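Remarks on the structure that follows.
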There are 2 protein chains.
Amino acid sequence: MSEDLPHPDRAEIRIEAVLHALADPVRLHYVREMDRIGTGVACGAIELPVTKSTRTHHLRTLREAGVIRLRKEGTARIATIRRDDLDARYPGLLNAILSAES
Amino acid sequence: MSEDLPHPDRAEIRIEAVLHALADPVRLHYVREMDRIGTGVACGAIELPVTKSTRTHHLRTLREAGVIRLRKEGTARIATIRRDDLDARYPGLLNAILSAES
DNA sequence: GCAATAGTACGATAACCATCGTAGTTCGAC
DNA sequence: GTCGAACTACGATGGTTATCGTACTATTGC
């Protein structure tokens, strides 16, 4: 019942992957909403202008880049931003990006 | 002898474009070198692992995203990072990215 | 067991993009 | 004017990626 999807270790997170993951408008919007909510959110709780399968794809990109962590909770997946990891690796980055207006 | 290549105004710079521009390893390396040198540099002065024409393409991406400014100086193009613009729009972002190890 | 919900894997598709080579422009020195 | 250097526009190429739909799995409540 733990994490069944692979996540990169903190040391494995690459800046290019993080930047690329957050460069996509859909993904950036998603992470901003997560930040606004402030707690873990079920994947589907944040509405996106794309289908479920595309959402899965986007979340996968965020997960693999090390931006978010996904854990199972019943039928749902709860997503949390890896703030501690990102702040440790790239101090100030996440705040700068999330506070930027699009 | 002003600028002949179009640059986005400060207000036109979009976070997604900046992130995308800096997500590419070649471009990130280039901007880091520029930062290290600290002054405007002729485009070709920084060695890249790609051909001249690809370098032109990359610099165009950086320019269009609003990350750098290019001006003519004789046959050369001098590139400078738009620190003031980026810091004004996205405080802390550039420093966080440039100080991140790849 | 069935139905509903939440989510994923997979394949297809079209757009995007990094790369290269070619052919050209601009500039400065001679 | 010629030449060389610095650079750019353009087209071709092949890889990548965002998107969708389909078919599936896992879970929960009845």
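Note that the coordinates shown come from a computational prediction; the quantities given were computed from them, not determined experimentally. In what follows, chains carry the letters A, B, and so on, assigned in the order in which the sequence lines appear, proteins first and then strands, with residues in each chain numbered from 1.
Put simply, the side chain of Arg89(B) gets close to the backbone of Arg10(B): a donor and an acceptor are under 3.5 Å apart. Judged by distance alone, the side chain of Tyr90(A) and the main-chain N or O of Ser99(B) form no donor-acceptor pair under 3.5 Å. Side chain of Arg63(A) to main chain of Pro6(A): a donor-acceptor pair is present (N/O by atom type, distance under 3.5 Å, no hydrogens or angles). Remark: side-chain polar atoms of Asp9(B) are not paired, donor with acceptor, to backbone N or O of Ala11(B) under 3.5 angstrom.
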- Message: Using side chain to side chain contact (heavy atoms under 4.5 Å, CB included), reason through Lys52(A) and Thr56(A) one step at a time and then give a plain yes or no.
- Response: CA-CA 6 Å; Lys52(A) 272 170 66 175; Thr56(A) 296; 5.6 Å; no
- Task: Would you please test Thr54(B) and Thr51(B) for side-chain hydrogen bond (donor to acceptor under 3.5 Å, both in side chains) and show each step?
- Result: CA-CA 5 Å; Thr54(B) 302; Thr51(B) 62; 3.2 Å; yes
- Item | side chain to side chain contact (heavy atoms under 4.5 Å, CB included) assessment of Ile46(A) paired with Ile37(A) | CA-CA 10 Å; Ile46(A) 294 173; Ile37(A) 292 166; 4.1 Å; yes
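In this structure, the CD atom of Glu16(A) is 16 Å from the C1' atom of dT16(D), given to the nearest Å. Separating the NE2 atom of His57(A) from the C1' atom of dT19(D) is a distance of 8 Å, rounded to the nearest angstrom. Distance, Lys72(A) NZ to dG7(C) C1': 10 Å, rounded to whole Å. Spacing between atom CZ of Arg55(A) and atom P of dT5(C) amounts to 14 Å, rounded to whole angstrom units. In this structure, Leu70(B) places its CG atom 10 Å from C1' of dC7(D), rounding to the nearest Å. When the P atom of dT8(C) is taken as reference, atom CD of Glu64(A) falls 12 Å away, rounded to whole Å. If you take CG of Leu59(A) and C1' of dA18(D), they are 14 Å apart, rounded to a whole angstrom. Between the NZ atom of Lys52(A) and the P atom of dA23(D) there is a distance of 15 Å, rounded to whole Å.
For dT19(C), the OP1/OP2 oxygens have no side-chain nitrogen or oxygen of Thr51(B) closer than 4.0 Å. Thr75(A) has no side-chain polar atom (N or O) that falls below the 4.0 Å cut-off from OP1 or OP2 of dT27(D). Contact check, Thr54(B) against dC20(C): a side-chain N or O comes under 4.0 Å of OP1 or OP2.
Proximity of residues 34-47 of chain B to DNA chain C (heavy atom under 4.0 angstrom from any strand atom) is not detected for any residue. A heavy atom closer than 4.0 Å to some atom of DNA chain C occurs in His20(B), Asp24(B), these being the qualifying members of residues 18-25 of chain B.
Taking the charged nitrogens against the carboxylate oxygens, Glu73(A) and Arg77(A) have no contact shorter than 4.0 Å, which rules out a salt bridge.
Tested against Arg27(A), the residues Leu59(A), Thr61(A), Val67(A), Leu48(A) include a single side-chain contact (heavy atoms from CB on, under 4.5 Å) partner, Thr61(A).
Nearest-nucleotide assignment on DNA chain D puts the 5′-proximal partner with Arg27(A), out of Arg27(A) and Ser53(A).
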